[in-house]
Each structure stands twice: as structure tokens, then as C-alpha cells.
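Shown next, in C-alpha cells, is the structure this report addresses.
By convention here, the first residue in the shown sequence is residue 1.
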Amino acid sequence: HEAVAYCNTLSANRGLDPCYVCRGRERELICQEVDAYAAERIYSCPGYRLPTEAEWEYAYRAGTTSAFHNGPIIDTSCHGEDPNADAIAWYAKNSFFETGPTSGAYKPSPVGTKQPNAWGLHDMAGNASEWVHDLFLSDLGSLPATDPWGASSGDERVHRGGACGSGPWQLRAAFRYKGNASTRYAYFGIRCARTLF
């Protein structure tokens, strides 16, 4: 909810219609799409919003079809070391701090310090998992495989990309997570999107 409230602030600062309506404050904050932009109509919103799950994966892949935007996954173990993951992401194998005040913890690193994808987007994998617009739907069933839409109700939202404590398998373009939109999580971030008309 705080992520979409931030998108609304960006919209307001640029004189654009917001995509969401929010009520409450801090931990009581609840946001939902403006009725005119609900469900698949979110693409018609002129303001800033979270990318849909399909948009996020399209941006991550940047025209590729491999597990990572820079190649296949090599090490599928839980906390293994993968050379392709290492080139593009801060993840469990290279983000663990063994000394100092953050000893024994994973820590995000400065953005843009790993290799970007072919479209120049940094940190699509690792560092901070990114909230997307869609409600979580575990099985698409008979829904189309191209540009599928999430669940029609609920408070579990999708987040993508893995984080600084993730294993290589969690950094793949196709890997999905779910989280309660009202809960604050460590190592979560956002990447705002906007439909250009």
C-alpha cells in the first residue's frame, strides 16, 4: 500500500491523475485502483503505478528467453554461487556481511553496481524484491499465458526479482513470490511504471 501511495505522490508532483485511491495512514494505509482504472483498465491510467507482473517480466527479460537476462542458471542450489547471477545481482552469495554492526545479515548494496540488462535496467534481479501491481494467483488455469491477469480479490500481491538474501533460483525472470500488501518486509522495493499515450 505504501508503494502505490508513493506512485500517487509521483503522479501528483507531475500533475497526472493518480492510479490509486488511498485511505488511512502508515500501517493503517489501504490503497486500491481508482474505479476507472480497475483491473485490466490500469493500462489506461495516465499517472504512475506499479508495473503489472507481465510488464515487469518483459522489462527484466529485455528480449531474452533464458533464466537470467544474461544467460542460463548454472547453480540451482538454495544458496549456491552462480556466475551469471553474480554478474547481475546482489544475492545471498555476495551480500552477506560477516563482520561489523550488520554481522550475520544480508544487506542491500548501492543500485546500479551490477551489470544492467540489454535495455539498461539495473537490479532487476537481487538486491531488493520489487512489488508489482497484480494480486497473486497461484495457477493461471485457463487464463491466457501471454499478459495474464492476477486474482480478482485478496490482499496478497506479487513481488518479483529476488533480494539480497535470495538464492540464484529465486533471481530467475520467471520466479514469483507473494506477500501481504499491508505488511512491511525487509529488502522490498518498487520500480514505478507509466503508460505512455
Side-chain angles (χ1 to χ4, degrees), residues 1-4 6-7 49-140 145 148 150 155-193:
H1 296 289
E2 291 173 319
V4 297
Y6 178 80
C7 292
R49 59 182 171 76
L50 295 180
T52 65
E53 191 172 4
E55 287 174 317
W56 187 93
E57 188 168 332
Y58 183 78
Y60 176 111
R61 289 186 180 280
T64 65
T65 58
S66 53
F68 303 133
H69 61 75
N70 67 331
I73 187 168
I74 307 297
D75 188 337
T76 58
S77 62
C78 189
H79 289 286
E81 184 171 5
D82 189 290
N84 286 334
D86 196 59
I88 64 169
W90 293 107
Y91 68 112
K93 200 62 177 180
N94 61 15
S95 297
F96 192 74
F97 286 74
E98 296 182 19
T99 60
T102 57
S103 176
Y106 296 106
K107 183 178 179 186
S109 296
V111 174
T113 54
K114 290 289 186 174
Q115 183 183 89
N117 70 12
W119 295 347
L121 298 173
H122 288 270
D123 299 293
M124 293 297 293
N127 219 13
S129 188
E130 298 179 9
W131 285 111
V132 297
H133 179 80
D134 299 52
L135 288 165
F136 184 78
L137 181 64
S138 62
D139 185 354
L140 293 177
D155 202 39
E156 288 184 327
R157 297 277 176 171
V158 178
H159 55 101
R160 301 288 297 266
C164 55
S166 298
W169 61 281
Q170 296 167 309
L171 307 176
R172 296 174 297 117
F175 192 80
R176 324 166 57 230
Y177 301 85
K178 64 180 178 177
N180 187 298
S182 298
T183 303
R184 290 180 177 170
Y185 296 93
Y187 316 127
F188 271 40
I190 61 172
R191 188 176 304 259
C192 298

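- Atom OG in S166 sits 8.0 Å away from atom CZ in F175 (nearest 0.5 Å).
- The main-chain N or O of P72 is never found under 3.5 Å from a side-chain atom of R172 such that the two would form a donor-acceptor pair.
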Between Y58 and W119, is the ring pair (Phe, Tyr, Trp, His ring centres under 6.0 Å) condition met? List the steps. CA-CA 11 Å; Y58 183 78; W119 295 347; 5.2 Å; yes

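- Listed here is the closest heavy atom pair of A128 and G189: CB-N, 4.0 Å.
- Contact annotation: the side chain of R191 approaches that of L121 to within less than 4.5 Å [non-hydrogen atoms, C-beta and beyond].
- One finds the CD1 atom of I190 at 14.0 Å from the NE2 atom of H133 (value rounded to the nearest 0.5 Å).
- Summarising the geometry, atom CE belonging to M124 is positioned 5.5 Å from atom CD belonging to E130; distances are rounded to the nearest 0.5 Å.
- Annotation for F68 and D82: closest pair CE1-OD1, 3.6 Å, computed over non-hydrogen atoms.
- Under the rule for a salt bridge (Lys or Arg N to Asp or Glu O under 4.0 Å), the partners of E156 that lie at least two apart in sequence or sit in another chain are K178.
- Checking side-chain atoms of N127 against main-chain N and O of S109 turns up a donor-acceptor pair under 3.5 Å.
- One distance of note links NZ of K114 with OH of Y91; it measures 8.0 Å at 0.5 Å rounding.
- Applying the salt bridge (Lys or Arg N to Asp or Glu O under 4.0 Å) rule to E81 yields no partners; only residues at least two apart in sequence or on another chain are considered.
- Heavy-atom minimum distance, C164 versus P108: SG-N, 3.7 Å.
- Between P110 and W90, the closest heavy-atom pair is O-NE1, 4.1 Å.
- F188 and H159 have tilted rings, their planes meeting at an angle from 30° to 60° on a 0 to 90° scale.
- In this structure, N84 CG and N70 CG are separated by 4.5 Å, a value rounded to the nearest 0.5 Å.
- Closest of all the heavy-atom pairs between D134 and E53 is OD1-N, 2.7 Å.
- Looking at K107 and S95, their side chains never come closer than 4.5 Å, going by heavy atoms from C-beta outward.
- Here the straight-line distance linking atom CG of L135 with atom CG of D155 works out to 8.0 Å at 0.5 Å rounding.
- With respect to R184 and E2, a salt bridge is recorded, a charged nitrogen being found less than 4.0 Å from a carboxylate O.
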